[in-house]
Amino acid sequence: MTPSAAEALAPLLGLVAFLFSTLVYYSIKAAIFGRKREAYIENRERTILAKLFQEWWIWLWTPIERFCLRLRISPDAITTAATFVVAVSAVLIAFGHFSLGGWVFLFGSSFDFIDGRVARATGRVSRAGAFLDSTLDRVGELFFFGGLAVAYRDSWVLFAALVAAGASTVVSYARARGEAVNAGATVKVGGMQRPERIVLTGIPCALTPIFDLAFGVGAGRTAVSVALAVLAVLTTLTAIRRTWSIYHALRVQDPTPAQPPFRLADVFGLESARRKKAAR
């Protein structure tokens, strides 16, 4: 590795080392003193590893959360700013700046944790805020997939980006619609929810220089391509599974309508023919 390459990679490697060391520290702290359980994470996630990872990320962002509380920044302003940051990351990705775009995407998407926590801490939880948060989450995600689609417009990966974008929208819509019609816990079926999609797309983009360094020039874009293809497949399966589960749950809840007895005369229209003949 040349001195110039090492100098360019030093900040990235330092950031990765910092994140890894804080994750190790938090894991050891949680093992000794117990995890700081968050109710909405406990209800949403099923594996200890996923819960630990999200709790670590929230703990890492606690200073920024306190900063927002101190300045009395509204949750809606945080949500809107996060969408703007994600849109910037999409533009960076579209122009081929994968590493910078990936880090900006992870940074902007992390505000999805903060806006809700600030709303709860300040007593500003509202249906309007929840609606804005959910809607702008979808907008930001589509922005990012759009950036990837532009970056891979001359490759088969374009189709993976489009499939992933469509399937992600179906996953989110099925949950929203399922909650609206009281489908119960089935609205959460499936593993590829938004946090998983953020990790599977953002981290490979952010670490493209490391892949290039380890496996040669172009390996980073290849890693992003593979991650996007895997995401497209898994998110599509989640969309299908969630849609079918919600549909089946609602069919079970709905009362079965009474079916009239089968009559061959109805099939061939014999009854209506008799009425017409009698009318004459």
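In this chain, numbering begins with 1 at the start of the sequence shown.
When all heavy atoms of Ala249 and Ala183 are compared, the pair lying nearest together is CB-O, 4.1 Å. The two residues Leu52 and Ser27 come nearest to each other via the heavy atoms CD2-OG, 3.7 Å. The minimum heavy-atom distance between Arg242 and Val171, with the atom names listed, is NH1-O, 3.1 Å. The shortest non-hydrogen separation linking Val85 to Gly108 is CG1-CA, 3.7 Å.
A distance-only check finds a donor-acceptor pair linking the side chain of Asp212 to the backbone of Gly220 [under 3.5 Å]. With hydrogens and angles ignored, the 3.5 Å screen pairs a side-chain donor or acceptor of Ser89 with a backbone N or O of Val86. Side chain of Thr135 to backbone of Leu132: no donor-acceptor contact under 3.5 angstrom is found. Remark: side-chain polar atoms of Thr22 are paired, donor with acceptor, to backbone N or O of Leu19 under 3.5 angstrom. With Thr243 contributing its side chain and Ile240 its backbone, the two residues share no donor-acceptor pair below 3.5 Å. The main-chain N or O of His248 is never found under 3.5 Å from a side-chain atom of Arg251 such that the two would form a donor-acceptor pair.
Pairs engaging residues 154-166 under the side-chain hydrogen bond (donor to acceptor under 3.5 Å, both in side chains) rule: none recorded [sequence neighbours left out].
Taking the ring axis of Tyr173 as reference, the NZ or CZ atom of Arg138 does not stay both within 45° of it and closer than 6.0 Å to the ring centre.
Remark: Arg124 pairs with Ser74, Pro75, Thr122 by the side chain to side chain contact (heavy atoms under 4.5 Å, CB included) rule, at least two apart or across chains. Looking at residues two or more places apart in sequence or on another chain, you find a side chain to side chain contact (heavy atoms under 4.5 Å, CB included) between Ser99 and Leu12, Trp103, Thr208, Pro209.
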What's the verdict on side chain to side chain contact (heavy atoms under 4.5 Å, CB included) for Phe105 and Cys205, showing C-alpha distance, side-chain angles and the deciding distance? CA-CA 9 Å; Phe105 174 65; Cys205 288; over 6 Å; no

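Using cut-offs of 30° and 60° on the angle between ring planes, the pair Phe107 and Trp61 is tilted. Under the 30°/60° scheme for interplanar angles, the aromatic rings of Phe98 and Tyr152 are found to stand perpendicular.
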